[in-house]
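Not measured: the values here are computed from a predicted model.
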Amino acid sequence: MCDENVQNFEALPADYRAWRWRNSAEPQDLALESIPMAPPAPGQALVRNQVIGLNPVDWKVLGGALVDWRGGKVPGVDGAGIVVAVGDGVASEWLGQRVAYHQNLQQPGSFAEYTPIVARALLRVPDGMDVSVAASFPCPGLTAWLALEKVPPQPGSPVLISGAGGAVGHYLVQLAAARGFSVTTLSHARHWARLQALGASECLAGPLAADQRWPQDDARFYAVIDSVNERHAAQLAPALLANGHLVCIQGRLEQWPCAPFGRALSLHEVALGALHRFGDDASWSRLTAAGERLLSEIAGQRLQPEAQVVREFSELARLLDDLRHRQFSGKPLVRL
């Protein structure tokens with residue numbers, strides 16, 4: 001029986017297909033199964049997914065070390081589609097709205113035909129935008145925005161973006177250049193032409209080898225934003241000028257990377273999951289407003305999305321495994 005506060009639920013199917021976790025770190029051990037439909041809870045909207053975006057976090061969590069899942073959990077953080085039902089407290093105006101979203105890792109994920117999402121996390125998709133582009137955006141685009149929000153604006157200041165060849169770096173370069181920073185990137189040379197076209201003024205070869213460290217006598221950046229790992233971020237600390245900012249996207253530094261009363265650095269970590277756990281309505285409103293603004297920038301061709309690699313829903317597990325092993329370049333997407 002449908003709850004009286006849930007709108008438009010009766011017309012939905014009794015069950016739907018979803019990829020479920022079977023306590024294995026291997027993406028190809030995910031199982032495609034039929035699960036029963038449930039009405040959205042208060043504060044939630046039910047999204048009929050049209051395209052699912054795959055991200056590195058989607059295979060990293062399968063090992064179980066980063067999450068407390070039980071077998072049968074539906075993974076996936078990014079998706080885009082249409083709101084088909086809303087729970088108590090959610091405005092009926094959401095019904096029929098095209099949306100994109102980033103899901104809480106502890107909730108039913110995007111690897112399914114339907115996903116329940118807390119309404120405050122929804123991003124409205126601009127008219128005319130391909131839903132595939134919308135699905136490709138949330139995790140990398142919002143992460144890039146959050147990373148730059150850690151750095152006080154100082155137009156003209158030099159910023160180093162490490163791991164710039166990846167999805168987050170793709171947006172970081174554009175957003176940093178748009179804010180007036182002078183952008184240097186650290187990545188494999190195969191990415192340089194694209195990064196320069198996106199706004200990088202200088203491209204350096206990277207990442208650093210495990211036994212390398214940025215030269216102590218070459219401090220030249222106001223901020224370093226690293227998306228490789230915490231060890232690599234520490235290796236780059238000498239690149240920072242006094243009172244600089246070191247922003248870590250993958251992992252975080254457990255120890256201060258410089259002597260006290262030396263460079264006087266500010267350290268930052270970035271995690272979208274923090275908002276799911278500790279964000280209030282105001283912080284979510286700010287994030288979604290930024291996300292919708294950036295989607296409009298993409299729709300207006302003022303911000304460039306990633307190149308796409310699109311597969312069918314039945315191929316999701318295989319595509320996620322290919323992403324894990326870096327078998328292609330571009331943004332992996334699954335179309336339903």
Side-chain angles (χ1 to χ4, degrees), residues 1-21 30-54 58 69-139 276 281 284-285 288 291-292 295 299 310-317 319 333-336:
M1 181 66 68
C2 178
D3 187 287
E4 63 180 1
N5 293 318
V6 176
Q7 303 181 45
N8 218 40
F9 181 71
E10 295 90 338
L12 298 179
D15 50 42
Y16 60 96
R17 296 178 300 160
W19 288 93
R20 306 179 82 180
W21 184 62
L30 293 172
L32 183 56
E33 299 177 350
S34 180
I35 62 178
M37 182 72 73
Q44 289 184 339
L46 185 65
V47 178
R48 185 177 73 235
N49 293 314
Q50 296 175 308
V51 179
I52 299 162
L54 304 188
D58 293 322
W69 287 356
R70 294 183 178 180
K73 167 74 169 64
V74 178
V77 293
D78 278 1
I82 298 174
V83 175
V84 294
V86 295
D88 188 26
V90 180
S92 60
E93 285 78 8
W94 280 107
L95 289 170
Q97 174 70 52
R98 295 199 312 156
V99 297
Y101 61 83
H102 181 274
Q103 174 65 307
N104 185 339
L105 281 170
Q106 301 303 324
Q107 298 299 316
S110 62
F111 291 3
E113 293 179 314
Y114 294 84
T115 304
I117 302 292
V118 175
R120 68 181 184 180
L122 296 174
L123 304 173
R124 294 174 179 84
V125 175
D127 291 342
M129 171 175 277
D130 188 331
V131 70
S132 296
V133 175
S136 75
F137 170 80
C139 188
H276 288 295
D281 288 344
W284 271 105
S285 179
T288 55
E292 290 179 353
L295 285 174
V310 183
R311 298 289 185 269
E312 297 302 316
F313 188 56
S314 60
E315 300 176 81
L316 186 150
L319 183 60
L333 301 169
V334 173
R335 186 179 292 276
L336 288 91

Show every salt bridge (Lys or Arg N to Asp or Glu O under 4.0 Å) that has at least one partner inside residues 34-47, sequence neighbours left out. none
By side-chain contact (heavy atoms from CB on, under 4.5 Å) - contacts of Glu93 (at least two apart): Ala91
Between Trp284 (side chain) and Ala119 (backbone), is there a donor-acceptor pair under 3.5 Å? no
When rounded to the nearest 0.5 angstrom, what is the spacing between CG in Asn49 and OG1 in Thr115? 4.0 Å
Looking at CH2 of Trp21 and CH2 of Trp69, how far apart are the two atoms once the value is rounded to the nearest 0.5 Å? 7.0 Å
Strictly distance-based, threshold 3.5 Å: is any side-chain N or O of Gln103 a donor or acceptor partner for the main-chain N or O of Pro108? yes
With side-chain contact (heavy atoms from CB on, under 4.5 Å) as the criterion, how do Phe111 and Val334 come out once you've worked through the C-alpha distance, each side chain's angles and the decisive distance to 0.1 Å? CA-CA 9 Å; Phe111 291 3; Val334 173; over 6 Å; no
Show, in sequence, the C-alpha distance, side-chain angles and deciding distance for Leu295 and Leu123, and conclude whether the side-chain contact (heavy atoms from CB on, under 4.5 Å) test is met. CA-CA 9 Å; Leu295 285 174; Leu123 304 173; 4.1 Å; yes
By the definition side-chain contact (heavy atoms from CB on, under 4.5 Å), identify the one residue from Pro42, Pro39, Pro40 that meets it with Asp88. Pro42
Residues passing the salt bridge (Lys or Arg N to Asp or Glu O under 4.0 Å) test with Glu292, sequence neighbours excluded, are Arg124
Tightest non-hydrogen contact, residues Pro13 and Tyr114, listed as CD-OH, 3.6 Å
Side chain to side chain donor-acceptor pair (under 3.5 Å) against Asp58, all qualifying residues, sequence neighbours excluded: none
Is there any salt bridge (Lys or Arg N to Asp or Glu O under 4.0 Å) pair reaching into residues 111-121, and which pairs are they, with sequence neighbours excluded? Arg17-Glu113, Arg120-Asp281
Could you measure the distance from the CH2 atom of Trp94 to the CG atom of Leu46? Nearest 0.5 Å is fine. 14.0 Å
Residues two or more places apart in sequence or in another chain: which of them pass side chain to side chain donor-acceptor pair (under 3.5 Å) with Arg98? none
All heavy atoms of Cys139 vs all of Asp78, minimum pair found to be N-OD2, 2.8 Å
Can you see which heavy atom on Gln50 is nearest to which on Val131, and at what distance? OE1-CG2, 3.5 Å
State, to 0.1 Å, how close Asp130 and Arg335 come at their nearest heavy-atom pair, and which atoms those are. OD1-NH2, 4.1 Å
State the CG-NZ distance between Leu30 and Lys73, to the nearest 0.5 angstrom. 11.0 Å
Rounded distance (nearest 0.5 Å) linking atom CD of Gln106 with atom NE2 of His276: 10.5 Å
Counting distance only, does the side-chain N/O of Thr288 pair as donor-acceptor with the main-chain N or O of Leu122 below 3.5 Å? no
OG-CG distance between Ser110 and Leu54, expressed to the nearest 0.5 angstrom: 7.5 Å
Give the minimum heavy-atom separation between Gly72 and Arg20, together with the two atoms involved. O-NE, 2.9 Å
Note: Leu333 and Ser132 closest approach over all heavy atoms is CD1-O, 3.5 Å
